[in-house]
Visitor: 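Pasting a structure here, questions to come.
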Amino acid sequence: MKRTHMCGELTINDVGKNVVVMGWVQRRRDLGGLIFLELRDRTGLIQIVFSEQLSKEAFDKAQHVRNEYVLAASGKVVKRSEENVNPNLETGNIEIYVSEFKILSKAETPPFMVEDRNNVSEAIRLKYRYLDLRRPSMQKILLTRYKITRIVRDFLDKNGFIDIETPLLIKSTPEGARDYLVPSRVQPGKFFALPQSPQIFKQLLMISGFDRYYQIAKCLRDEDLRADRQPEFTQIDIEMSFVDEDDVISINERMVAKIFKEILNIDLELPFKRISWQEAMDRFGSDKPDLRFGMELKNLSSIFVDSEFKVFKDAIDNGGSVRAINVKGAASIPRRQLDELVEYVKTYKAKGLVWIQMSDDGPKSQISKFLKEAELTQVLNTMEAEKGDLILIIADRNNMIVYDALGHLRLEMGKRYNLIDENKYEFLWVVDFPLLEYSEEEKRYVAMHHPFTAPKDEDIEMLDKNPGQVRAKAYDIVLNGMEIGGGSIRIHDTELQKKMFEVLGFTDEDAEARFGFLLNAFKYGAPPHGGIAYGLDRLTMILTGTDNIRDVIAFPKTQNACDLMSDAPSEVSKEQLDELHIKVNL
RNA sequence: GGCCCAAUAGCUCAGUUGGUUAGAGCGCCAGCCUGUCACGCUGGAGGUCGAGGGUUCGAGCCCCUUUUGGGUCGCCA
């Protein structure tokens with residue numbers, strides 16, 4: 001028997017045809033003298049019918065068929081009578097009268113039913129991932145993922161980009177995330193790293209003159225996992241020569257618009273909004289603001305410069321600030337929930353949270369007695385507070401803590417009060433990131449993006465005296481509060497790159513040992529270049545409406561970075577270790 | 001590394017203040033059933049209550065440790 005049709009593709013137009021379908025048994029309904037099976041393939045379901053009249057042999061065999069058996073069934077497509085139509089099934093107006101069929105493969109009773117309404121725990125799903133992936137919703141997600149990459153390849157191809165592979169076994173450059181290491185058998189005691197991204201190689205390809213490059217590239221980072229983070233993930237990696245920020249941004253906007261048009265049939269308005277990193281932090285307390293709702297941060301510092309309320313004044317005097325959000329209509333929040341919010345902001349290192357409830361009897365706050373009448377009035381004016389509102393204030397000596405805590409609080413309150421329209425797609429570019437940030441841990445400046453990001457021309461002179469103030473030619477593309485991609489114009493000048501390494505605290509020897517090959521390459525004529533990389537997994541999450549990165553990856557890892565299906569990672573034999581000259585020290 | 005949540009039948013869950021033989025739905029097995037479509041009816045099998053220790057006359061339930069899964073902070077150039 002040769003398959004003639006896919007199950008879900010049969011229609012009323014096929015009535016009368018003799019067809020052969022193949023697939024898995026979704027469900028069996030045995031009425032005694034009549035057996036209905038639903039047969040499933042990736043296109044959908046079709047009901048196939050067995051009875052003694054149609055074929056005694058087939059009917060007898062069908063008695064023994066169970067769920068998830070793999071069948072080939074041959075028979076005639078028949079229109080169902082009016083009263084037997086199943087409106088819940090795509091193919092519900094037809095069925096196949098089976099004259100002959102073959103069990104291609106038997107199946108044990110699966111640990112869970114292969115159906116979307118089944119609410120099976122993720123651990124079980126991951127252990128039997130091949131069964132989980134039979135479910136239509138999972139098939140749809142992976143199909144969408146495939147469509148996205150196809151659109152991307154199409155678009156980039158038409159715009160002159162070339163897909164070039166870069167190596168997986170590369171030099172470890174201990175800057176950034178923790179590397180996955182691979183021991184070298186040939187060179188005892190030495191290790192490769194798996195790439196955190198193809199960053200340096202794509203820059204070298206620009207120096208090689210390929211002009212426009214892309215790759216759907218696996219990236220590996222040995223860091224802890226999150227709902228949107230896997231150790232092994234995929235980037236849409238792009239690099240272009242002879243471009244500035246606007247060039248990169250505009251071609252990417254067109255690509256993203258094409259993806260949204262073809263996947264969701266949504267026409268995005270171009271160009272996307274652009275705001276500076278500073279503005280994003282000031283207004284939203286985040287470098288990836290969710291623009292689907294307001295509740296913007298307001299700076300109250302000027303009100304409290306001479307305040308008698310120590311907490312606020314102290315924050316301001318020490319270079320910090322006092323900022324707040326207004327949660328409209330939340331004044332009647334119970335005390336217990338306010339206490340929870342205090343705990344919530346503490347997870348972001350805020351020391352406390354001041355609230356003002358705009359109750360019917362006027363403003364109520366736990367710090368009322370510390371506030372002067374004029375201060376309160378100014379706060380309420382600035383916050384445009386009305387009866388029924390809840391003002392939440394955070395002060396700290398460290399502005400980043402104020403931003404971070406209040407930014408997360410804004411998101412949390414947006415969620416709690418249902419202010420987020422799930423059908424909206426709010427894009428923006430966040431630009432003018434700081435080039436460097438000071439690391440308390442390492443007591444030095446570290447690159448905010450990566451050490452190859454170019455500073456803005458007008459800020460280069462500050463590199464020596466005021467490195468924290470230098471802005472970068474960097475841009476992130478943000479959608480609904482998620483960073484879906486980021487990139488920059490790169491340094492293409494040996495001297496500037498050396499300068500950058502110097503600011504990062506590398507000695508010449510360090511820089512030479514780690515990145516000497518790149519510095520060398522710059523010597524032989526490097527074009528100005530820049531690019532971007534998207535998180536394909538996160539993009540797919542948004543386009544499929546999932547909030548869990550494991551759902552958009554066929555075979556993902558658990559929070560402990562394990563594969564529950566294959567049981568990786570696992571121990572290896574002594575022989576394998578010996579060959580690699582590795583001794584395990586537990 | 002820290003904090004929080006969860007773990008009881010194949011799956012999803014209930015299980016009262018610590019008290020008789022741990023339940024339900026789905027699934028599974030058997031029988032009946034010719035228009036079902038989450039078929040129906042009848043009957044049946046199925047449990048190391050994640051693991052280890054403790055308290056107690058008595059532990060699914062309380063305490064400690066631990067494992068696994070999830071969320072999160074740190075971390076993620």
Side-chain angles (χ1 to χ4, degrees), chain A residues 26-38 45-54 59 66-68 78 80-89 91-93 95 97 108-128 131 173-179 196-197 199-200 219-231 233 340 343-350 404-405 408 412 433 435-437 439-442 445-453 472 474 483 486 488 500 504 514-515 533 535 547-548 550 557-560 562 564:
Chain A
Q26 176 66 32
R27 178 168 265 110
R28 149 199 168 83
R29 289 181 286 271
D30 183 347
L31 276 62
L34 193 61
I35 296 172
F36 298 100
L37 298 182
E38 279 174 7
L45 298 171
I46 184 80
Q47 175 163 278
I48 63 179
V49 187
F50 300 81
S51 76
E52 293 206 6
Q53 289 86 343
L54 293 169
F59 176 77
R66 292 292 181 268
N67 282 351
E68 302 306 319
V78 177
R80 298 204 205 177
S81 67
E82 196 96 0
E83 67 274 18
N84 284 329
V85 167
N86 180 358
N88 301 320
L89 203 60
T91 60
N93 54 351
E95 58 196 1
Y97 283 180
E108 285 184 21
T109 304
F112 54 87
M113 296 280 283
V114 176
E115 56 188 11
D116 283 336
R117 68 166 157 273
N118 225 335
N119 175 27
V120 182
S121 74
E122 219 182 323
I124 304 278
R125 288 174 53 200
L126 290 177
K127 180 169 179 190
Y128 301 95
L131 294 180
T173 53
E175 186 70 359
R178 192 178 296 112
D179 280 328
Q196 298 175 26
S197 83
Q199 181 60 37
I200 295 176
C219 302
L220 299 111
R221 297 179 187 177
D222 187 4
E223 297 291 349
D224 285 351
L225 291 80
R226 287 288 186 281
D228 63 351
R229 246 164 52 191
Q230 282 274 304
F233 64 100
E340 278 169 23
E343 290 310 304
Y344 180 77
V345 299
K346 281 182 181 168
T347 62
Y348 299 99
K349 299 212 184 77
D404 196 34
H408 279 97
E412 178 65 20
F433 276 76
L435 182 70
L436 305 156
E437 58 189 336
S439 164
E440 290 295 340
E441 199 178 324
E442 299 184 52
Y445 280 98
V446 295
M448 193 151 179
H449 193 51
H450 56 56
F452 318 111
T453 299
E483 180 204 326
S488 61
M500 181 71 179
L504 291 172
R514 296 183 188 184
F515 302 112
D547 54 10
N548 175 339
R550 293 179 297 277
K557 308 278 188 289
T558 65
Q559 193 161 79
N560 274 343
C562 292
L564 291 182

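A note on names: the letters A, B, ... follow the listed sequences, proteins ahead of strands, and every chain is numbered from 1.
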Visitor: Could you verify whether a donor N or O on one side chain and an acceptor N or O on the other, from Glu38(A) and Gln26(A), lie under 3.5 Å apart?
Guide: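 No - no donor-acceptor pair under 3.5 Å links their side chains.
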Visitor: Expressed as a whole number of angstroms, how long is the span from Asp224(A):CG to G1(B):P?
Guide: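 Checked: the CG to P distance equals 9 Å.
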Visitor: Could you tell me whether Val446(A) contacts a base, only the sugar-phosphate backbone, or nothing, with contacts defined as non-hydrogen atoms closer than 4.0 Å?
Guide: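 Val446(A): no heavy atom of the nucleic acid under 4.0 Å.
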Visitor: Mind checking the P distance from G27(B) to A38(B)? Whole angstroms is fine.
Guide: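 Going atom to atom, P in each nucleotide, I get 12 Å.
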Visitor: Could you say whether the aromatic ring of Phe36(A) and the base of U36(B) stack, counting only centre distances under 5.5 Å and plane angles under 30°?
Guide: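 Here the ring of Phe36(A) and the base of U36(B) are stacked, with centres under 5.5 Å and planes under 30°.
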Visitor: Between Arg229(A) and Glu223(A) (salt bridge meaning N to carboxylate O under 4.0 Å), is one present in this structure?
Guide: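 Answer for the salt bridge query: no.
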Visitor: How long is the line joining CZ of Arg125(A) and P of A7(B), in whole Å?
Guide: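 Between P of A7(B) and CZ of Arg125(A): 19 Å.
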Visitor: Give a yes or no answer on whether the side chain of Arg221(A) reaches the backbone of Gln196(A) with a donor-acceptor pair at less than 3.5 Å.
Guide: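 Indeed, once roles are kept as given, a pair shorter than 3.5 Å links the two residues.
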Visitor: Under 4.0 Å from OP1 or OP2 of U12(B): is there any side-chain N or O of Ser121(A) that close?
Guide: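 Yes.
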Visitor: On a plain distance test, is the side chain of Arg80(A) in donor-acceptor contact with the base of C37(B) below 3.5 Å?
Guide: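 Per atom types, the contact qualifies.
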Visitor: Donor-acceptor pair under 3.5 Å: do we get one between Tyr344(A)'s side chain and the base of G71(B)?
Guide: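 Per atom types, no contact qualifies.
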Visitor: Rounded to whole Å, please give me the gap between CG in Leu54(A) and P in G35(B).
Guide: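 In whole Å, G35(B) P lies 14 Å from Leu54(A) CG.
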Visitor: Between P on G70(B) and CG on Asp547(A), what's the gap in Å once rounded to a whole number?
Guide: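 Rounding to the nearest Å, CG of Asp547(A) and P of G70(B) are 14 Å apart.
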Visitor: With a 3.5 Å cut-off and just heavy-atom distances, do the side chain of Asn560(A) and the base of G69(B) make a donor-acceptor pair?
Guide: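 No such pair is found, so the answer is no.
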Visitor: Tell me if the side-chain of Arg550(A) makes a donor-acceptor pair with the base of G70(B), cut-off 3.5 Å, by modelled atom types.
Guide: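 Such a pair does not exist between side chain and base.
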Visitor: Would you mind reading off the distance between Lys346(A) atom NZ and U72(B) atom P, rounded to a whole angstrom?
Guide: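 In whole Å, U72(B) P and Lys346(A) NZ are 22 Å from each other.
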Visitor: Can you tell me how far C1' in A9(B) sits from the matching atom in A14(B), rounded to whole Å?
Guide: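 Rounded to whole Å, the distance is 13 Å.
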Visitor: Hey, does the side-chain of Glu108(A) have a donor or acceptor N/O within less than 3.5 Å of a partner on the base of G10(B)?
Guide: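 A donor-acceptor contact between them is absent.
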Visitor: Would you kindly check whether a donor in the side chain of Gln47(A) faces an acceptor in the base of U36(B), or vice versa, at under 3.5 angstrom?
Guide: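 It does, because a donor-acceptor pair links the side chain of Gln47(A) to the base of U36(B) below 3.5 Å.
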Visitor: Is the phosphate of U34(B), meaning OP1 or OP2, less than 4.0 Å from a side-chain N or O of Gln53(A)?
Guide: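 Checking Gln53(A) against U34(B): no side-chain N or O falls below 4.0 Å of OP1 or OP2.
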Visitor: Provide the distance between the two P atoms, one in G19(B) and one in C73(B), to the nearest whole Å.
Guide: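 Looking at atom P only, G19(B) and C73(B) are 40 Å apart.
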Visitor: Which listed nucleotide (U12(B), C37(B), G69(B)) is nearest to the side chain of Asn119(A)?
Guide: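 Nearest nucleotide to the side chain: U12(B).
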Visitor: For atom P, what is the distance between A30(B) and A45(B), given to the nearest Å?
Guide: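 It works out to 15 Å between them.
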Visitor: Would you kindly give the CG-to-C1' distance between Asn67(A) and C28(B), to the nearest whole Å?
Guide: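 Rounded to the whole Å, the gap is 10 Å.
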Visitor: Does U36(B) have OP1 or OP2 under 4.0 Å away from a side-chain N or O of Arg28(A)?
Guide: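 Checking U36(B) against Arg28(A), no side-chain N or O comes under 4.0 Å of OP1 or OP2.
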Visitor: Please report the distance separating the C1' of U56(B) from the corresponding atom of C11(B), rounded so that it comes out in whole Å.
Guide: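 One C1' to the other, the span is 35 Å.
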Visitor: Atom CD1 of Ile124(A) and atom C1' of A6(B): how far apart are they, to the nearest Å?
Guide: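 Those two atoms, CD1 and C1', are 14 Å apart.
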Visitor: Suppose you measure atom P in C61(B) against the same atom in C39(B); what distance do you get, rounded to whole Å?
Guide: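 Per the computed distance, 38 Å lies between those P atoms.
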Visitor: Quantified in whole Å, what is the C1' atom distance between nucleotide C28(B) and nucleotide U20(B)?
Guide: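 After rounding to an integer number of Å, I get 30 Å for this pair.
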Visitor: Taking the same atom, C1', in U72(B) and in G10(B), what whole-Å distance lies between them?
Guide: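 U72(B) and G10(B) have their C1' atoms separated by 32 Å.
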Visitor: U36(B), OP1 or OP2 - any side-chain N/O from Arg29(A) closer than 4.0 Å?
Guide: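 For U36(B), OP1/OP2 do not have a side-chain N/O of Arg29(A) under 4.0 Å.
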Visitor: Test Glu122(A) against Arg125(A) for salt bridge (Lys or Arg N to Asp or Glu O under 4.0 Å), laying out the working first.
Guide: CA-CA 5 Å; Glu122(A) 219 182 323; Arg125(A) 288 174 53 200; 5.1 Å; no
Visitor: Has the side chain of Arg229(A) got a donor or acceptor that lies under 3.5 Å from a partner of the other kind on the base of C76(B)?
Guide: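 Side chain to base: pair present.
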Visitor: Should Thr558(A) be listed as having a side-chain N or O under 4.0 Å from OP1 or OP2 of G69(B)?
Guide: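 For G69(B), OP1/OP2 do have a side-chain N/O of Thr558(A) under 4.0 Å.
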Visitor: What is the separation between atom NZ on Lys127(A) and atom C1' on G50(B), rounded to the nearest whole Å?
Guide: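 Going from Lys127(A) (NZ) to G50(B) (C1'), I get 13 Å.
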